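Only a predicted model underlies this, so the values are computations on that prediction, with no experimental measurement involved. Both backbone and side-chain heavy atoms feed into the values below; hydrogens, waters and symmetry mates do not. Both ligands and their constituent atoms are indexed starting at 1 by order of listing.
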Amino acid sequence: MAAKIIDGKEFAASVRGKVADHVARLKEQNGITPGLAVVLVGEDPASAVYVKNKGKSTVEVGMNSYEHRLDADTSEEVLLALIDQLNNDPAVHGILCQLPLPGHLNEELVINSIVPEKDVDGFHISNVGLLGTGQKSMVPCTPLGCLMMLRDHHGSLSGLNAVVVGRSNIVGKPMANLLLKDSCTVTIAHSRTKNIEDLCRSADIVVAAVGRPEMITGDWIGDGATVIDVGINRIPHPEKEGKTKLVGDVHFASAVEKAGAITPVPGGVGPMTIACLLANTVTACCRSNGLEEPEGLTA
Ligand code: NDP
């Protein structure tokens, strides 16, 4: 039987709806409007599109959006001074510095200069450590989105076998920590893993975050498993010459025949990332004001 398709667009819309409701309550009951500051250094076209979309989505849920566009040759000193200013601005509850940064800037230093409470990307070393030790933290947006979809599909994740393929700091590792926190038995696979197909086949949940187009095929998937495809890969279109298409790290057509549920690409994990950025911002706002956190929007 073909799998249930987990509709990320629809799910992201429901997350944004919950965020908007909570923002409206914060305004009405507490006179607070959550604010997200996004810093873009340079003119990378893909980053410029992301920043524009983030700003638009922020305003749509009723929050304030503060965009800071700096020249590509901005010095580290100037960038750190801006972050310091945002750290101390009470109207700003979340700060995101769009990556990648131009080569002359030290990404680690810049990320770790954001106060952890406003680090809505969840990349600050304190948040990484808090998540790694199972404590309350700001959680990276993409894995948070995957977790929300998994919880929604399974209810409890306790005791399920999960294989995360990929060990990056922004997806694979935080994903594994989140699943562990929800009491899954977690295996992290990577480029040196032996018998990776067998590992995946024995899993109840497979999260693919590899960056290799359609690497994980249907014969890697156990009957009825849940497949979350984080990959976004642009490949030449097989039928339309000169055109491209987006595919995931999972070979959808074969995996959909084996899985119990699967996210498509596009329209699966992708839309959840910005929705979770908004969720993190409202969470950060509530925490900084000592208010109750929105239900279902955090790890
Ligand atoms: P990275 O390149 O940082 O990490 C890829 C991981 O995959 C590495 O750990 C690597 O292993 C592993 N890997 C590579 N080749 C193989 C292989 N043949 N077998 C097993 N493991 C392998 O990628 P990211 O984590 O940043 O991103 C992964 C994918 O997710 C990309 O397609 C990216 O575009 C997408 N993405 C999507 C987002 C969204 O919003 N939906 C957000 C972020 C990323 P090793 O460590 O050994 O090299």
Point to revise | Evaluation steps, side-chain hydrogen bond (donor to acceptor under 3.5 Å, both in side chains), between S75 and E77 | key: CA-CA 5 Å; S75 70; E77 199 186 353; 4.8 Å; no
Exercise for review: Mark up the atoms of ligand 1 that fall under 4.0 Å of a heavy atom belonging to N233, in ascending order.
Suggested key: 32 (O)
**Study point:** Distance (rounded to the nearest 0.5 Å) between F11 CZ and R16 CZ
**Key:** 12.5 Å
Study note, to complete from the structure: With heavy atoms and a 4.0 Å threshold, my read on which part of T193 contacts ligand 1 is neither
**Study point:** Contact with ligand 1 for M215, non-hydrogen, under 4.0 angstrom
**Key:** yes
Practice item. Can you sort out which atoms of ligand 1 are near I170, meaning under 4.0 Å from one of its heavy atoms? Key: 26 (O)
Exercise for review: Quickly, which of V78, N88, I114, I111 forms a side-chain contact (heavy atoms from CB on, under 4.5 Å) with I83? Name it, please.
Suggested key: I114
**Study point:** Atoms in ligand 1 with a heavy atom of I196 nearer than 4.0 Å
**Key:** 20 (C)
**Study point:** Residues D198 and R201 bridged, charged N to O under 4.0 Å
**Key:** yes
Check your understanding: Can you name the nearest heavy-atom pair linking E107 to L101, along with the distance?
Key -> OE2-N, 2.8 Å
Review point. Looking only at heavy atoms, is any part of R212 under 4.0 Å from ligand 1, and if so is it the side chain, the backbone, or both, or is it neither?
Key: side chain
Review point. Under 3.5 Å, N or O to N or O, is R167 touching ligand 1 that way?
Key: yes
Practice item. Can you sort out which atoms of ligand 1 are near G166, meaning under 4.0 Å from one of its heavy atoms? Key: 6 (C), 7 (O), 9 (O)
Practice item. Please state which part of T142 comes within less than 4.0 Å of ligand 1, counting heavy atoms only: side chain, backbone, both or neither. Key: side chain
Review point. Relative to ligand 1, is I232 under 4.0 angstrom through side chain, backbone, both or neither, heavy atoms considered?
Key: both
Practice item. Check ligand 1 against V269 and write out every atom of the ligand that is under 4.0 Å from a heavy-atom position of the residue. Key: 41 (N)
**Study point:** Proximal atoms of ligand 1 relative to V171 (non-hydrogen, under 4.0 Å)
**Key:** 25 (O), 43 (C), 44 (C)
**Study point:** For the student: nearest non-hydrogen atoms of A72 and H104, plus distance
**Key:** O-CE1, 3.0 Å
Review point. Atoms of ligand 1 less than 4.0 Å from G270 heavy atoms?
Key: 41 (N)
Review point. Measuring from the heavy atoms of G172, does anything fall under 4.0 Å of ligand 1?
Key: no
Point to revise | Closest non-hydrogen atom pair, S47 against L99 | key: OG-O, 3.9 Å
**Study point:** Ionic contact status for E293 with K136, cut-off 4.0 Å
**Key:** yes
Check your understanding: Any heavy atom of A209 sitting closer than 4.0 Å to ligand 1?
Key -> yes
Point to revise | Beyond-backbone contact of D44 with Y50, side-chain heavy atoms, under 4.5 angstrom | key: no
